[in-house]
Every structure is written in C-alpha cells, then in structure tokens.
Amino acid sequence: MLTILFDGVAYGMLLFVLASGLSVTLGLMNFINLAHGAFAMVGGYVTALLMNRAGVPFLVTLPAAFLIPAILGVVLERTLYRRLYGASPLDQVLFTIGLVLMAMPIADFFLGDEPQQVNLPAWLSGSVTVHGVGISLYRLFIVVVCGIIAAVLQLFLVRTRFGAQLRAAVDDARVADGLGINVDRIFAVAFAVGSGLAGLGGALAADVVGGIDPSFPVKFLVTFLIVVTIGGANGILGALFGALLLGVLDVAGKYYVPSVGGFIIYGVMVVTLVLRPQGLFARGDGR
C-alpha cells in the first residue's frame with residue numbers, strides 16, 4: 001500500500017508540473033490554451049533527441065527542455081496568442097486546438113511516429129527499499145524536483161512583485177498600464193514560464209509514459225484539464241493538491257480495481273463539476 005501511495009504521489013507531482021503551465025495561462029491569465037500539451041511534447045522531444053543523437057546527459061537536457069518551449073511560447077505569444085486575449089472562450093479553444101492539430105503532423109513529418117525513448121542514467125534506474133517499502137529512484141527524483149518547482153513557482157507568482165503585477169494586468173490591463181506596468185512584457189514572461197514548465201514536464205514524463213510521440217498533446221490533454229478542474233484554476237497550490245489527489249486515485253484504482261481504475265479520475269471530475277465547479281481546492285467562489 002505504501003509503495004502504491006508513493007507511486008501515486010510521484011505521478012501526481014509529475015501531473016502538476018505538466019499542468020502547472022496551464023494553471024498559469026488559464027487560471028492567472030484567463031486564456032484557454034489547449035495547445036499546452038504541444039509545448040510538453042516539444043520538451044520531451046528535446047530531451048530524447050539530445051540524449052539519443054547527441055549523447056547529452058539527462059540532467060543537462062532538462063534546462064534545454066524548459067528553455068526551448070519557453071522561447072517558442074514567447075514567439076507564439078507575441079505573434080499569435082496576444083491577438084486573442086480579448087476573444088471569446090470558443091475562439092480561444094478553436095484556435096489552440098488548431099495549433100495542436102498542426103503540431104502533431106509536423107512532429108510526425110520530421111521525427112516519425114515511433115515513440116522517442118529516454119534512457120535514464122544508471123543512478124536513476126532501479127529502486128531502494130526503505131522500511132520494507134520499495135521506492136523507484138526515478139520517482140523519488142521526480143518527487144524532489146517537482147516539489148522544488150512547486151515551491152519556487154508559488155513564491156514566484158504569489159510573493160514577488162511580478163506576481164502582483166501579473167494579477168493586476170489580468171484584472172484590468174488598461175489601469176495596470178496607466179500605473180506604469182508593462183503589460184505586454186508581463187504577459188510574455190508569464191506565457192514563457194507556462195510553456196517552459198510544460199516542456200520540462202514533458203521531459204520528465206518521457207520515461208514514465210513510455211516515450212514521446214506526435215500523439216502526446218492529445219493523449220494527455222484531458223488529464224491536464226482535469227487537474228485544473230479539480231484543483232481550481234485560480235491558484236498554483238490548488239493545482240498541486242488536485243494533481244496529487246488524481247495521481248494517488250489513478251495509481252491505486254488501476255492497481256486495486258484495474259477493470260474500472262482508469263475511469264476513477266473522470267468520476268472525480270464529474271462529481272467536482274456538479275458539487276464544487278470552482279474546484280475542490282479553490283479559494284473563494286472564483287471559477
């Protein structure tokens with residue numbers, strides 16, 4: 001039971017990093033970015049290609065898996081996304097889904113449809129036993145890294161001047177601009193952080209999901225949305241708690257009741273939307 005619990009926590013932490021970028025763009029910027037999974041796919045491919053074709057060590061690829069999607073996110077935000085900040089939710093959904101449907105065949109054309117595998121270094125392979133509990137070294141690594149990311153992201157968005165300026169810009173961009181806040185730069189940085197986190201999550205998830213392939217953006221899109229739905233879209237901590245809950249329920253459900261375990265998270269989502277549509281861990285009545 002403890003092994004399953006730890007694996008669930010590790011999976012939940014991974015879900016958090018994958019979905020935290022969506023929490024930034026959807027929860028803090030009020031932009032429905034369903035192309036979030038495409039940035040995660042890019043990060044996964046960056047790590048896999050650097051390791052397999054250039055022999056770059058795994059840890060060295062992780063900053064690149066963050067930076068390249070972040071740069072791509074800034075370019076797209078400056079050229080495309082910013083035009084739809086004031087658009088209707090339907091327009092944002094259709095636009096970002098279109099980006100996903102473009103990204104998938106592009107990845108297939110240049111990299112093929114075979115999953116790109118990530119071969120972990122020896123020091124991250126295997127497991128250790130602590131008081132009779134088998135713990136995967138890589139999952140322990142994920143828990144530590146994702147925990148640090150969660151703490152830094154919370155401090156960055158809540159305890160810094162940038163976070164206050166971002167919230168002000170989202171609430172009323174015209175007033176924020178009049179107060180001397182560079183709204184364009186704030187939005188660009190926030191979008192870069194969200195895209196970079198998605199890429200880093202994709203890199204960390206590559207081994208867990210059995211490799212990165214062009215279908216990755218669609219395969220995990222619903223999971224990202226469920227994390228934000230259950231955790232609440234107006235805070236990073238809500239997304240963290242929601243991801244941990246989903247991770248534990250998903251792993252435990254697939255182990256104890258494999259015939260229906262895959263549907264447990266969808267059941268939790270439905271119950272949440274009916275009873276508390278703003279999210280289980282959201283503060284106040286914000287949606």
Side-chain angles (χ1 to χ4, degrees), residues 1-2 4-34 36-37 40 89 92-93 96 139 142-143 145-159 163 166-167 170-171 190 193-194 197-198 201 204-205 208-209 219-257 260-287:
M1 181 182 296
L2 292 176
I4 294 172
L5 177 62
F6 180 82
D7 287 347
V9 169
Y11 183 53
M13 294 294 262
L14 186 58
L15 288 179
F16 166 73
V17 175
L18 282 165
S20 59
L22 186 59
S23 295
V24 172
T25 55
L26 176 58
L28 297 179
M29 298 177 64
N30 293 327
F31 189 93
I32 306 173
N33 182 24
L34 297 187
H36 183 75
Q92 294 175 356
V93 167
T96 53
R139 281 166 172 76
I142 288 176
V143 169
V145 171
C146 295
I148 293 173
I149 291 172
V152 171
L153 186 60
Q154 175 69 6
L155 292 174
F156 177 65
L157 295 176
V158 175
R159 301 292 184 181
L166 174 61
R167 292 190 296 273
V170 171
D171 288 341
V193 171
L197 288 172
L204 293 172
V208 177
V209 302
K219 193 183 301 181
F220 292 94
L221 173 60
V222 175
T223 305
F224 302 155
L225 293 175
I226 292 176
V227 170
V228 177
T229 298
I230 292 178
N234 60 357
I236 296 301
L237 289 181
L240 174 61
F241 296 146
L244 290 174
L245 176 63
L246 285 180
V248 172
L249 289 177
D250 187 61
V251 172
K254 290 177 179 177
Y255 180 82
Y256 288 112
V257 281
V260 296
F263 297 95
I264 290 179
I265 61 173
Y266 301 102
V268 175
M269 177 193 68
V270 171
V271 172
T272 301
L273 289 174
V274 171
L275 299 180
R276 190 174 169 83
Q278 71 269 32
L280 293 179
F281 305 100
R283 291 179 295 178
D285 297 324
R287 293 179 182 270

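Please read these numbers as outputs of a predicted model, since none were measured by experiment.
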CA sep, side-chain torsions, deciding dist, call: L34, L225, side-chain contact (heavy atoms from CB on, under 4.5 Å):
CA-CA 9 Å; L34 297 187; L225 293 175; 3.8 Å; yes

Any side-chain heavy-atom pair from M269 and L273 closer than 4.5 angstrom?
yes

Kindly say whether N33 contributes a backbone atom to a donor-acceptor pair with the side chain of T96 at under 3.5 angstrom?
no

Is the shortest heavy-atom distance from the side chain of L237 to the side chain of V158 under 4.5 Å?
no

Between H36 (side chain only) and S23 (backbone N and O only), is there a donor and an acceptor less than 3.5 Å apart?
no

Can you tell me how far the CD atom of Q154 sits from the OG atom of S20, to the nearest 0.5 Å?
11.5 Å

Smallest separation among heavy atoms of L26 and I32, with atom names
CD1-CG1, 3.8 Å

Mind listing the closest non-hydrogen atom pair of I264 and G253 along with its distance?
CD1-CA, 3.5 Å

F224 vs L18 side-chain heavy atoms within contact, under 4.5 Å:
yes

From CD1 (I149) to CG (L204), nearest 0.5 Å:
6.5 Å

Just verifying a value: how many Å separate L14 CG and T223 OG1, rounded to the nearest 0.5 Å?
11.0 Å

I'd like to check Y255 versus D7 (side-chain heavy atoms, cut-off strictly below 4.5 Å). Are they in contact?
no

Does V193 form a side-chain contact (heavy atoms from CB on, under 4.5 Å) with L153? I'd like the steps, not just the answer.
CA-CA 9 Å; V193 171; L153 186 60; 4.2 Å; yes

Compare all side-chain heavy atoms of D250 with those of Y11 and state whether any distance is below 4.5 angstrom.
yes

When rounded to the nearest 0.5 angstrom, what is the spacing between CG in L197 and SG in C146?
10.0 Å

Separation between OG1 of T272 and CZ of R276, rounded to the nearest 0.5 Å:
9.5 Å

State the CG-CG distance between L245 and L240, to the nearest 0.5 angstrom.
11.0 Å

Between Y266 and I226, is there a side-chain heavy-atom distance shorter than 4.5 Å?
yes

R167 side chain to L157 backbone, donor-acceptor under 3.5 Å
yes

